[in-house]
Amino acid sequence: MTLTAANATYRTITVSPIAGSLGAEISGIDLAEDLDEEVVGEIRRAWLEHLVVFFRDQPISDERFVNLARRFGTIGRYPFVPGIPGHPEIIAVLKEPHETVNFGGIWHSDTTYLEQPPSATLLLGREIPPAGGDTLFANQYDAYDALSPALRSLLDGLRAVNSSARADVSKTREDRLADLDLTDADLDYESCHPVVRTHPETGRKALFVNVAHTARFDGMTEQESAPLLNFLFAHQVKPEFTCRFRWAAGSLAMWDNRCAQHNPINDYHGHRRLLHRITLEGDTPA
């Protein structure tokens, strides 16, 4: 991936890459204000180029957070956790001091077990531990490009089955559901997607399997699929494909779920961590 120097091609924002493969901080704007179309367009262009963009010192209200998300797409719904009071579009990503398992604490793309996984996720820091709780991100364009031509050719023709039942690798969902009365709680979602998807906006190819949700290749058993899937799971999160973000209250991240994975690090036992999450509707992977 070719790096763009800070603010080299942007008129209204400053864009500063934070790692070689993906990730950039955007500064020079106040998200509490109404953003004009040029600013929104430049943020979107930076997001498509860097896969995940970060904003610092943006302690915006829940209402403003929802309005901001709507500037970038149609807000979707997470099937397992209800929204916060007054704002059903927002879910709380919460770990209490007494808990030992965090929310989604494994490498993954969000809800790939849905027929149309979200295009984007926006996450806003509300309460952050004094240390720990960073989030890692991984570039799935670069992961695909780094494979041998022969393996890329093989993977281009494969599809994979993704299941919400595999979410037991992170017990958070089940722990939360024990206290909820949700119709969807007893449902398992399953979908079949290309192992390599073509991004509908950039036209680039990206690996689209993940250890949290991908169970097997279509037409194969889990045992038959495991050797190659396990190789891909390890390959796609190599350090050279990643960046790391240190949260603070008022920090906001927006990532492209179609070509980036993320992994929240669970290293802050005894402290409360609360973030607010909104996902944007996506399309059927192809």
Side-chain angles (χ1 to χ4, degrees), residues 1-29 31 35-56 58 65 67-76 107-112 114 116-124 135-146 193-194 196-210 236-237 240-245 251-263 277-286:
M1 183 177 184
T2 302
L3 288 180
T4 301
N7 212 32
T9 60
Y10 299 91
R11 233 176 49 85
T12 65
I13 58 176
T14 299
V15 180
S16 304
I18 67 169
S21 185
L22 80 166
E25 288 198 8
I26 294 179
S27 57
I29 58 172
L31 298 180
L35 305 180
D36 64 33
E37 290 300 324
E38 183 179 12
V39 173
V40 172
E42 291 205 337
I43 292 172
R44 186 173 188 87
R45 181 154 58 90
W47 170 66
L48 289 172
E49 179 179 0
H50 296 283
L51 287 65
V52 54
V53 291
F54 308 103
F55 304 83
R56 296 287 190 183
Q58 304 286 342
F65 186 34
N67 291 339
L68 174 69
R70 286 179 174 146
R71 299 296 302 276
F72 295 94
T74 301
I75 294 177
W107 279 108
H108 65 289
S109 300
D110 285 330
T111 58
T112 56
L114 299 179
Q116 294 187 322
S119 60
T121 300
L122 293 86
L123 199 60
L124 176 61
T135 301
L136 300 172
F137 297 88
N139 184 331
Q140 298 309 292
Y141 293 143
D142 285 358
Y144 174 78
D145 291 343
H193 297 309
V196 178
R197 74 173 296 177
T198 301
H199 196 289
E201 296 183 73
T202 68
R204 297 186 64 188
K205 289 184 175 182
L207 284 178
F208 200 61
V209 294
N210 68 91
Q236 63 191 170
V237 296
E240 59 265 35
F241 306 145
T242 69
C243 70
R244 180 171 180 148
F245 185 63
S251 294
L252 190 151
M254 181 171 74
W255 64 88
D256 193 328
N257 199 56
R258 301 164 292 189
C259 54
Q261 291 193 27
H262 60 286
N263 182 9
R277 189 181 88 167
I278 296 175
T279 57
L280 302 181
E281 291 182 358
D283 61 352
T284 301

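Sequential numbering from 1 along the given sequence is applied to the chain's residues.
Under the rule for a side chain to side chain donor-acceptor pair (under 3.5 Å), the partners of S251 that lie at least two apart in sequence or sit in another chain are R56. Taking the side-chain contact (heavy atoms from CB on, under 4.5 Å) definition, one finds that A69 meets it with I75, L122, I278, L280, sequence neighbours left out. In terms of the side-chain contact (heavy atoms from CB on, under 4.5 Å) criterion, residue partners of T242 (sequence neighbours excluded) are, by chain and number, W107, A138. Residues meeting the salt bridge (Lys or Arg N to Asp or Glu O under 4.0 Å) test with R277, sequence neighbours left out: D110. Remark: Q58 engages no residue in a side chain to side chain donor-acceptor pair (under 3.5 Å) (not counting sequence neighbours). Applying the ring pair (Phe, Tyr, Trp, His ring centres under 6.0 Å) test to F55 and every residue at least two apart in sequence or in another chain returns nothing. Not counting sequence neighbours, the partners of R71 by the side-chain contact (heavy atoms from CB on, under 4.5 Å) test are L35, E37, V40. Under the rule for a ring pair (Phe, Tyr, Trp, His ring centres under 6.0 Å), the partners of F241 that lie at least two apart in sequence or sit in another chain are H235. T198 pairs by the side chain to side chain donor-acceptor pair (under 3.5 Å) definition with nothing, not counting sequence neighbours. With sequence neighbours left out, the side-chain contact (heavy atoms from CB on, under 4.5 Å) criterion links T202 to L48, Y141, H199, R204. With sequence neighbours left out, the side chain to side chain donor-acceptor pair (under 3.5 Å) criterion links N67 to no other residue. The salt bridge (Lys or Arg N to Asp or Glu O under 4.0 Å) check on E38 picks up R11, with sequence neighbours excluded.
Here the shortest heavy-atom pairing between E281 and G76 reads CG-CA, 3.8 Å. Y144 and L207 get closest at one heavy-atom pair: CB-N, 3.9 Å.
Side-chain contact check for T284 versus Q116: some heavy-atom pair is nearer than 4.5 Å. Counting only heavy atoms from C-beta outward, the side chains of I29 and I43 approach each other to under 4.5 Å.
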